[in-house]
Amino acid sequence: MTSRYSGLRVIKEALTGHKGWRPAWREPDPKPYYDIIIIGGGGHGLATAHYLAKIYGQSNVAVIEKGWIGGGNVGRNTTIIRSNYLLDGNEPFYEHSLKLWEGLEQDLNYNAMVSQRGIINLIHSDSQRDAYIRRGNAMRLNGADAEYLDEAAVRKEYPFLNFNDARFPIKGGLAQRRGGTVRHDAVAWGYARSADSQGVDILQNCEVTGFRIDGGVCKGVETSRGFIGAGKVGCAVAGNSGKLMSMAEMRLPIESHVLQAFVSEGLKPVLPGVITFGAGHFYVSQSDKGGLVFGGDIDGYNSYAQRGNLPVVEDVCESGMAIMPMIGRARLLRMWGGIMDMSMDGSPIIDRTHIDGLYFNGGWCYGGFKATPASGFAFAHLLALDEPHQTAKAYRFDRFATGHMIDEKGMGNQPNLH
Amino acid sequence: MTQVNRLTGGQIDRESTLSFRFDGKNFSGHPGDTLASALLANGVRLMGRSFKYHRPRGLMSAGSEEPNALVELRSGARREPNTRTTTAELFDGLTARSQNRWPSLAFDVMAINDRLSRFLTAGFYYKTFMWPAAFWECVYEPIIRRAAGLGSLSMQADPDIYDKGFQHCDLLVIGAGPAGLTATLTAAHAGKQVILADEDFRMGGRLNSGRFTIDDMTGADWVTKVVAELATLPNVRLMPRTTVIGAFDHGIYGALERVSDHIAEPAPGKPRQILWRITAAKTILCAGATERPIAFENNDRPGIMLASALRSYANRWAVTPAKKVSIFTNNDDGHRTAQDLHRLGIKIAAVIDTRPDAPGSTDYEVLAGAEVANTTGRLGLTFVEVRQSDGSMRTLECGALGVSGGWNPNVHLTCHQRGRPLWNETLSAFLPGEDLPPGMHVAGAADGQFSTHGALKSGQQAARRALGLRGRPPAVPEAEDAPVTQTPFWYVAGCERAWLDQQNDVTVKDVKLSHQEGFRSVEHLKRYSTLGMATDQGKTSNLGGLAIMAELAGKPIPEVGTTIYRPPYTPVPIGALAGRSRGKNFKPVRLTPSHHWAKERGAVFVEVGNWLRAQWFPINGETHWRQSVDREVRQTRASVGVCDCTTLGKIDVQGTEAADFLNKVYCNGFAKLAVGKTRYGLMLREDGIAMDDGTAARLAEDHFVVTTTTANAAKVYQHLEFVHQCLFPDLDVQLISTTEAWAQYAVAGPNSRRLLKKIVDPAFDISNDAFPFMACGNITICNGLRARLFRISFSGELAYEIAVPSRYGDALMRRLMVEGEEFDVVPYGTEALGVMRIEKGHAAGNELNGTTTALNLGMGRMVSKKKDSIGSKLSERPGLNEAEALMAVGVQPKNAEDKITAGGHLVSADGPLDAAHDQGYVTSAAHSPTLGKMIGLAFLRNGGSRHGEVMRLASPVTDLTVEVEITSAHFVDPEGERLRA
Amino acid sequence: MHDLIAITALGASEPQVETIGGITCTEVANLALASVAARLGGEAACRERLASLVGTVPAAGKAELTGPFSAKWVGPDQWMVGVEYEVQNDIAAHVKAALGNTASVTEQTDAWSAFDLSGQRINRVLELLCNINLSSVGAGSAARTSIHHLSCFVICRVPNANVRILGPRASATSLHSAITTAMRSVR
Amino acid sequence: MLINHPLLGPRDSSEFIYLGDATLIDRPDPETASAQDWHDYAYLRDNPAGPHRELWFHEAGDRSWLVVTRNTVTHEITSVELARDVARSQGRSK
């Protein structure tokens, strides 16, 4: 079991040569059986394990990860948290997530640097303003915070934006002050350390090669480290959901796409919070190390390659220069690609499958990071009690058959448009 | 200040002198200098501060791998933070400023962090700053953020321009060292289109930095000769100052050419840089190798640098950081550096060689089996403490220490498509793996060919292999061919504060702590300790950290992992990736045929997609847009108005089965539409949701003109082609977009017919009987101009849309204004258009928002059950047909003074204002001059049967809550008498 | 004859001509265009009649520029026919008459703006504008590609010396400025 | 990426617009298909990690819809066909 972190502890260790620090989590061997197995040692899987142990008293739990924990999308994203959603199926869920973020450090005894510096969506046209006002109102009616800023207010708060020769002038913005950023890797490590300290086994370098299903019941998983039995198996491998679930002969309302993200060289602080361009594909924030962390649209074609191509890089930088011409001489330092579970309506799925004992969590599109706590919470709830969590009732597999899509963007059944 | 450290020789032009400023002091250098070499020449060793501990730092390298000597180059709006002094070419008047220090580079108060270093270990911040919870936001984080970053932005718009371009070639050669040059020669002589790109401003690679001879000339002279020859060949494109930044799919490479960075500012109209997208059938990577350091206590002082860098500065730039230097090496190449320096008259204090069997020298002392234990010198190296083979300590006085730990091939681009480099035991280095990007070959030092001869030869061979050349190759020039072995020596045993990543201040101690806390995979190590995450992308630090982790884990290096490299090879200005698409040129503009006329009229324009449309036409005395819009509406409804609606998409649908085709893409029927008639059509997506609406006019049995909304024109055309090519390939139908071919104007209002009669040629009868509502046809106007006339109405008035070839649009508008004077004709813009369509209850973009069905829009009955059409089946799903489904309604304020806000939600009359009582939302709102109050269109649960109900319109974000009455969406002329008049 | 006065795509009464560094960009205003799409089953007949109108029917990616009537390939069994506006201002009717029911013909004259680029080594300009392998471009090649986010035709008369660029008429101003800024940067 | 257009040769992928899995050609028969068939057609995907037949539209080019066979792991393109020909070969007509 891991001992607590604290400022005093850091000082004490510093004075005694840091001899006392122990591994943040154990490296146990797999047990033959667990009550619950979570496939996927990313943010969602590790969060699920943490809440299973902490909220639902389940500790005979394993998280199995094919590589190293936190190596997927939680380790390669633009670290934004927000709950600025429009539809009733989404907003309460993401607001729940934001509330969990707000208490995360205390909950995990790990400083993931949740930084609520605010997020603003810029508005460039009248119909866009109408849509954002509708969204802001939906947020407020759901108990979240939202603020409409007119052009003058935006100019005051973000004087460095392009108000002079913008092709699509800034006409206002919708702000959520409680939005912000989080040190993404620390989220995975914090959940892992906490889950581990509550008895959860984290099994790294353990790849699932198949499900053992007899009589329509899932009995466990075949892995590169042998068969592991389980009462219930929860899949949380967004990005690779298609690959994994095909082992259970399931086809999903999901395509895998690549989303690129970028970081600039470290710069002295210039950005107050997260800014989203409304007339192109660009959103940006600045990390605590000073790098501009930014991204845009997905490349748009199915891919598991974890890398993208130049046209999207250029498109993102064009949009960036369109609203922030002062970043022209800042240099793009790193670019990377993550695999996104792009779902058919742009919203996730947290649901049972038709196979008893097999549960699914995925379809996060590129909104997965901000959802990490609530997703883990809701998935833990479903796994522990076999019924959906209050905030995740709408995330069903059958919503496409019944016509209850949750389509924030109104793009229909074309995943790369969400 | 004079150039005290300038030596003889070198590839600089001593004829002319350049002056420059660093931190306010004046210095001088020569053409051919980099800022780094010029500063060294002037005796400057201290050039920067590290990120975390603010340690004094000088040059580590002579190339783009430089982690320490970064400056803010240039001033004002052209300030470039984090610029490497080692790659910045010197120009007259250059100004540079050191970074991340206060108040000065020599005295930086933040250096206190160095004293606190034991507290600021890897990942310390994850363990603290948590109490009290509120303090993170308001106390801790602001402090951390203030310390963030190195250089700072000017916060002004980048004044320079950037171009982008495309090139195609048979062979792209990356790197103009010995291998790259022979590869290029070979391909060039074979008549291939070749591009040779090199990041340096002088081609030749390390041949410029050493004293190698090729055949009977010096390496540098050989380079000059070869480059001169290549320059004369038409099929060769030489691109110095060009960094290939990434290898992308299918042989597409990104390359950044620095066109004007070597001069004070770009010539007028000329770009600062060009981003090239090079499509190469084959590629040869000749990126060379980077020398690797050895970690030892306090190995980061100014004056301590890579031995090869010392050699480059001495040979190429004729400078040395100090008159007396030592070398610390584990291989023969370190001795080569010592010899070169000795020849140039620099005193070698000693060569410290970790190997007991180190080669001796008669020119200087060699300490075999020795190692550097520590160093001293606060702002620059003064002494080196050496632990000799017998364990005794010895102190050497010297101002510079060259460190050589062997060489790492620059395999970066081989990894850009997730290829993995392979560990090579004899070189104890990673070499290019098997899974190279398709079409890529590797040669020279990048492929582990460390001897000059080996490099020359492998370049030629790679080119022959890549291009499949036959026949006997010409002889490879004579050059040194010493066998190279590298025995790993990563760090001096027992060192703690020994830097691996100098910019991010990651030391051996930090790697040990990461291991102790379980962050043992290379991915965890990087993320936890920030090793290799600095602006140098870990070029000199990753392998050292990896090696130490491997030792701690008791595993071979490849098992701990290889960090796979991603683009860009070196950081790229965001402006260069954006190119010309910025500011007003971010996206092309689309102008309507009446644009120039409208501009004369003083119209206010609005962006609609890429279109610029007249929003309203203010006239004298009008101080508020509402006045203009109300007038335009009133005048149109009272007499006649004209509006440019060219932006609506127009698609020509022809073919003997055109009608059958439209029957499939519209949910309502078109088979029976008569020639000369127009019909409103609603298009669904296959998922049953409304995609777009418009009209289809049947000009002939086999000819329709379909209109789309402005926003969806491209999407609808794409959809129609999909339905035709992919679903019904044997329908005889042809689709052509003709949006811009025709200038199309709405002429609306009770007097519209009388106005049109004045321009429509008499041969065409447009009376109500001859040309009733929804009629259409080809006509001529103004005595013979071809035109099309459609009797359709968006405003609800008697109205037409008339179309003429675009070139005559301007003239037609002017003519309508003249002929219309007697009717007091008014031009109206998109605002008045919007007001009138809301008054009439017509759906538009705000209603067709991608989530609404025909049912929601009040057109449920339009979806024909008699035929199959796109979307008809899935529109039948229960969730889309619930009793509580949203239905289009109108809303009016109970109190006529009250405001209606689009985006406001309809909440039940009583109960709390919350999601549970949310019943719908307002999509569009406007002030109706006709009704004298604000009105809106909305979607309301089961709205069809709730007319007359009173609800609350709540818009918390605009601080609005008003009582509204639910009404029909048709506020004006619900029976449609006017448009049939 | 009607008395309405036409304006060019750039909005003036006369075509615009600009010469920068030995390269000239000329707005072309006297070009009449009609698109031709063969009817299903009428492909062969359509080609036959089209040949008699324009000479040889251009293959994919090619243009026929010899006779008074030019033609370029725009898609499978689709071509664009051009002629000087003065010669035939109602080109659609003329072409339809020639092709009868073998093809659908659509007036395209004012859907496009055209610019002739001529001078020394104009490939230096083109390589900044569009992704075409210029070394493989010969006389009579007609590529459709993106220029400054616009879908354009690049039709080669004399390699590296004379090309015609067709772009959407409504965006003529943006296209023209993209071409001339590129001319400036290679000057 | 480069898409080797069957008529025009290699063209940059930025000239194209991507739609998705080529099974979108197999629109169910409105006469016989069940609600389940329509759901599966519109919403379920194989989403393979490997060769994938997919639809691209040459938007800035000749307006052809293409069926491209591309490996979703390596991005290697092994075949490009005109969607119209593919549709016909799969029995689609009018």
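Hydrogens, waters and symmetry mates are skipped; everything else that's a heavy atom, side chains included, is used. We name chains A, B, ... by the order of the sequence lines, and we start the count at 1 in each one.
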*Which residue, B:Phe124, B:Trp136, B:Tyr140, forms the side-chain contact (heavy atoms from CB on, under 4.5 Å) with A:Asn111?*
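Of B:Phe124, B:Trp136, B:Tyr140, side-chain contact (heavy atoms from CB on, under 4.5 Å) with A:Asn111 is met by B:Trp136 alone.
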Would you find a donor on one side and an acceptor on the other, under 3.5 Å apart, between the side chain of [X] and the backbone of [Y]?
X: A:His18; Y: B:Arg118; value: yes
X: A:Arg399; Y: B:Gly879; value: no
X: B:Glu517; Y: A:Trp21; value: no
X: B:Arg877; Y: A:Phe400; value: yes
X: A:Asn309; Y: B:Asp249; value: yes

For a 4.5 angstrom cut-off between non-hydrogen side-chain atoms, does [X] reach [Y]?
X: B:Phe129; Y: A:Glu105; value: no
X: A:Asn137; Y: B:Tyr921; value: no
X: A:Glu314; Y: B:Leu275; value: yes
X: A:Ile133; Y: B:Thr958; value: yes
X: A:Met335; Y: B:Pro568; value: yes
X: B:Leu577; Y: A:Met321; value: no
X: A:Asp126; Y: B:Gln615; value: yes

Need one label for [X]: side chain, backbone, both or neither, based on atoms under 4.5 Å from any heavy atom in chain B.
X: A:Ser287; result: backbone
X: A:Arg140; result: side chain
X: A:Asn413; result: both
X: A:Phe262; result: neither
X: A:Ala188; result: neither
X: A:Ile323; result: neither
X: A:Leu417; result: side chain
X: A:Met344; result: neither
X: A:Lys171; result: side chain
X: A:Ala112; result: neither
X: A:Leu15; result: both

Side chain from CB out, backbone as N, CA, C, O: work out which of these in [X] comes under 4.5 Å of a heavy atom of chain A, or both, or neither.
X: B:Arg520; value: side chain
X: B:Asn849; value: both
X: B:Ala844; value: neither
X: B:Met533; value: both
X: B:Asn610; value: both
X: B:Thr535; value: both
X: B:Lys715; value: side chain
X: B:Glu141; value: side chain

*May I have the step-by-step check of side-chain hydrogen bond (donor to acceptor under 3.5 Å, both in side chains) for B:Thr83 and A:Arg331, ending in yes or no?*
CA-CA 10 Å; B:Thr83 303; A:Arg331 298 188 196 85; 2.8 Å; yes
*Which pair of heavy atoms, one from B:Ala148 and one from A:Lys289, lies closest together, and at what distance?*
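Taking every non-hydrogen atom into account, CB-C, 3.7 Å.
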Could you give the distance from [atom1] ([X]) to [atom2] ([Y]), rounded to the nearest 0.5 Å?
X: B:Arg79; Y: A:Arg329; atom1: CZ; atom2: CZ; value: 11.5 Å
X: A:Ile327; Y: B:Ser154; atom1: CD1; atom2: OG; value: 11.5 Å
X: A:Asp407; Y: B:Thr851; atom1: CG; atom2: OG1; value: 7.0 Å
X: B:Thr530; Y: A:Asp185; atom1: OG1; atom2: CG; value: 11.5 Å
X: A:Asp165; Y: B:Arg582; atom1: CG; atom2: CZ; value: 8.0 Å

*Set of residues satisfying ring pair (Phe, Tyr, Trp, His ring centres under 6.0 Å) with respect to B:His250, sequence neighbours excluded*: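 Testing B:His250 for ring pair (Phe, Tyr, Trp, His ring centres under 6.0 Å), a comparison that skips the adjacent residues, returns none.
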_Checking B:Tyr125 against A:Arg183 for the side-chain hydrogen bond (donor to acceptor under 3.5 Å, both in side chains) test, could you report, in this order, the C-alpha distance in whole Å, the side-chain angles of both residues, the deciding distance, and whether it holds?_
CA-CA 11 Å; B:Tyr125 28 74; A:Arg183 175 76 182 86; 5.9 Å; no
*Closest-packed option against chain B by number of heavy-atom pairs under 4.5 Å, given A:Gly75, A:Gly17, A:Gly190, A:Ala131*: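 The answer is A:Gly75.
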_Choice from A:Glu408, A:Arg9, A:Gln306, A:His124 maximising heavy atom contacts with chain B below 4.5 Å_ =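 Among A:Glu408, A:Arg9, A:Gln306, A:His124, the one with the most close pairs to chain B is A:Gln306.
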*Going by atom types alone, do A:His404 and B:Glu882 pair a side-chain donor with an acceptor below 3.5 Å?*
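Yes - a donor-acceptor pair under 3.5 Å links their side chains.
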*Are A:Glu318 and B:Lys164 close enough for a salt bridge, meaning some N to O gap below 4.0 Å?*
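Salt bridge between A:Glu318 and B:Lys164, a charged N being under 4.0 Å from a carboxylate O: yes.
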_Less than 4.0 angstrom from a charged side-chain N to a carboxylate O is my criterion; do B:Lys127 and A:Glu13 meet it?_
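No salt bridge links B:Lys127 with A:Glu13.
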_side chain to side chain contact (heavy atoms under 4.5 Å, CB included) partners of B:Ser514, counting only residues at least two apart_ =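 Once residues adjacent in sequence are excluded, the partners of B:Ser514 under the side chain to side chain contact (heavy atoms under 4.5 Å, CB included) criterion are B:Ala122, B:Phe519, B:Leu525, B:Tyr528, B:Ser529, B:Met549.
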